[in-house]
2 protein chains.
Amino acid sequence: MAAIIVLGNSKRIRLGSPNVFIGSFVLMKALEKVLERNKVRPTAMRLLVLQYLFTKNVAVSLTDLENSFEKSDRTTLYRTLKTFVESCLVHKIDDGTGVSKYALCEENCNCEIETDLHVHFHCNLCKQTICLPKHKIPAIYLPKAFLPQEVNLVVKGTCNKCS
Amino acid sequence: MAAIIVLGNSKRIRLGSPNVFIGSFVLMKALEKVLERNKVRPTAMRLLVLQYLFTKNVAVSLTDLENSFEKSDRTTLYRTLKTFVESCLVHKIDDGTGVSKYALCEENCNCEIETDLHVHFHCNLCKQTICLPKHKIPAIYLPKAFLPQEVNLVVKGTCNKCS
DNA sequence: TCCAAAAATGCAACTCTGTTGCACGGTGTT
DNA sequence: AACACCGTGCAACAGAGTTGCATTTTTGGA
């Protein structure tokens with residue numbers, strides 16, 4: 001997937017909302033392949049959302065997305081994210097703010113088998129939620145008869161950009 | 001605080017909602033002292049809510065509380081919990097269900113200074129959230145320039161009663 | 001003891017997030 | 001071309017959390 005981000009540096013045409021870019025034909029083709037690989041039919045909307053997620057290195061909320069795609073409907077974006085989560089393209093993050101965030105899965109992420117086990121960081125200043133994929137959640141030893149299935153660990157504080 | 005729980009075994013008079021008990025005069029006096037120790041003025045409502053929390057060994061939501069105190073208003077219970085959190089009587093738990101839960105602080109809990117650092121467990125079957133005060137969150141090593149202030153760790157799975 | 005101030009309570013209303021139902025429209029298939 | 005299917009957009013709704021305001025209760029001082 002890193003290759004695609006590099007492709008993202010190709011010539012862009014600004015259109016619609018200031019935050020929305022349509023990349024080159026090559027980029028679009030690459031994003032299409034990502035969708036098809038995960039068995040998601042590549043519609044225009046989905047390509048734009050996927051591209052948007054690629055440009056962000058922080059987790060975004062449904063409302064963030066809504067504000068970036070003024071033309072589109074909240075429901076459509078909601079269902080697009082839902083589709084992406086179910087197809088293991090993005091993972092849903094509970095960062096303790098009460099608002100779900102979404103971020104692209106890593107290439108080796110195996111959502112269907114195990115939940116993502118990395119740490120998330122929420123900055124109390126800039127309010128952004130950041131995935132720390134290299135920081136795995138340490139093993140937790142539970143009392144007898146407690147059977148763990150998922151683990152969520154969120155650290156709150158000041159991020160690298162705000163400190 | 002353990003002493004107070006023992007006092008809770010004293011003779012009780014059932015009144016109002018099935019889940020609400022008024023304990024003995026001695027128990028009420030003890031609960032009053034708990035409130036006063038944390039600089040919260042002991043009203044009837046607060047005593048009942050505090051007693052309710054003592055009877056529960058799981059974290060409760062505002063709606064749980066509302067359903068147990070049919071006579072009272074959601075807003076009052078909301079503000080009661082808020083007061084309790086601010087006074088370091090209870091801590092607020094984000095268990096990832098999207099609904100805040102509340103549980104009594106431990107005796108040695110120092111909410112003002114540091115957030116509670118124990119693990120929470122949410123059972124996917126009985127939907128209850130349990131504090132595991134003896135299971136502290138292991139140290140998390142963050143990338144440079146990330147300054148941690150709070151940590152939240154929730155394990156989901158099957159609890160000891162459901163397994 | 002009584003009164004005034006302060007605090008707590010109860011009611012109504014509202015915001016925001018998440019969600020569902022339904023109708024419309026485009027796309028692909030036979 | 002007809003059809004089914006899927007995605008999209010609109011409307012509406014549920015639930016949690018929250019706030020404003022009027023009323024009641026409690027507290028503290030005269």
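These figures come from a predicted structure and were not determined experimentally. Within every chain, numbering begins at 1; the chains are lettered A, B, ... in the order of the sequence lines, protein sequences first and strands thereafter.
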Item to complete: Would you mind classifying the nucleic acid contact of A:Ser72 as base, sugar-phosphate or nothing, using non-hydrogen atoms under 4.0 angstrom?
Response: sugar-phosphate
Discussion item. By the 4.0 Å heavy-atom rule, please label B:Thr76 as base, sugar-phosphate, or nothing.
Written reply: base
Worksheet item: Any N or O donor-acceptor pair linking the side chain of A:Arg79 to the base of C:dG18 at under 3.5 Å?
Response: no
Worksheet item: D:dG28 base to B:Arg41 side chain: any donor-acceptor pair below 3.5 Å?
Response: no
d([atom1], [X]; [atom2], [N]) in whole Å:
| X | N | atom1 | atom2 | result |
| --- | --- | --- | --- | --- |
| A:Met45 | D:dC6 | CE | C1' | 16 Å |
| B:Leu48 | C:dG10 | CG | P | 11 Å |
| B:Leu47 | C:dT9 | CG | P | 10 Å |
| A:Leu77 | D:dG7 | CG | P | 14 Å |
| A:Asp95 | C:dT17 | CG | P | 12 Å |
| B:Lys39 | C:dA6 | NZ | C1' | 19 Å |
| A:Glu86 | D:dG7 | CD | P | 11 Å |
| A:Lys82 | D:dC6 | NZ | P | 15 Å |

Donor-acceptor list for residues 134-145 of chain B side chains, cut-off 3.5 Å, not counting sequence neighbours:
residue, atom, partner, partner atom, Å
B:His135, NE2, A:Tyr141, O, 3.0
B:Lys136, NZ, B:Pro133, O, 2.8

Discussion item. Less than 3.5 Å apart, any donor N or O on the side chain of B:Tyr102 or B:Ser61 sitting next to an acceptor on the other?
Written reply: no
Worksheet item: Does one side chain, of A:Thr129 or A:His120, offer a donor that lies under 3.5 Å from an acceptor on the other?
Response: no
Worksheet item: Residues two or more places apart in sequence or in another chain: which of them pass salt bridge (charged side-chain N to carboxylate O under 4.0 Å, His left out) with B:Arg79?
Response: none
Worksheet item: Is there a donor-acceptor pair closer than 3.5 Å between any side-chain N or O of A:Asn152 and the backbone N or O of B:Val154?
Response: no
Fill in: Donor-acceptor contact present, side-chain A:Asn38 to main-chain A:Val40, <3.5 Å
no
Response to the item:
Per-nt protein contacts along nucleotides 11-17 of chain D (heavy atom under 4.0 Å; B base, S backbone sugar-phosphate only, - none) come out as B----SB
Worksheet entry | Cationic N near anionic O, under 4.0 Å, A:Glu36 to A:Lys33 | no
Worksheet, complete the sentence: Per nearest nucleotide of DNA chain D, the residue lying toward the 5' end, A:Thr43 or B:Thr43, is A:Thr43
Discussion item. Pick the closest DNA chain D nucleotide for A:Ala44 and for B:Ala44 by heavy atoms, then say which residue is nearer the 5' end.
Written reply: A:Ala44
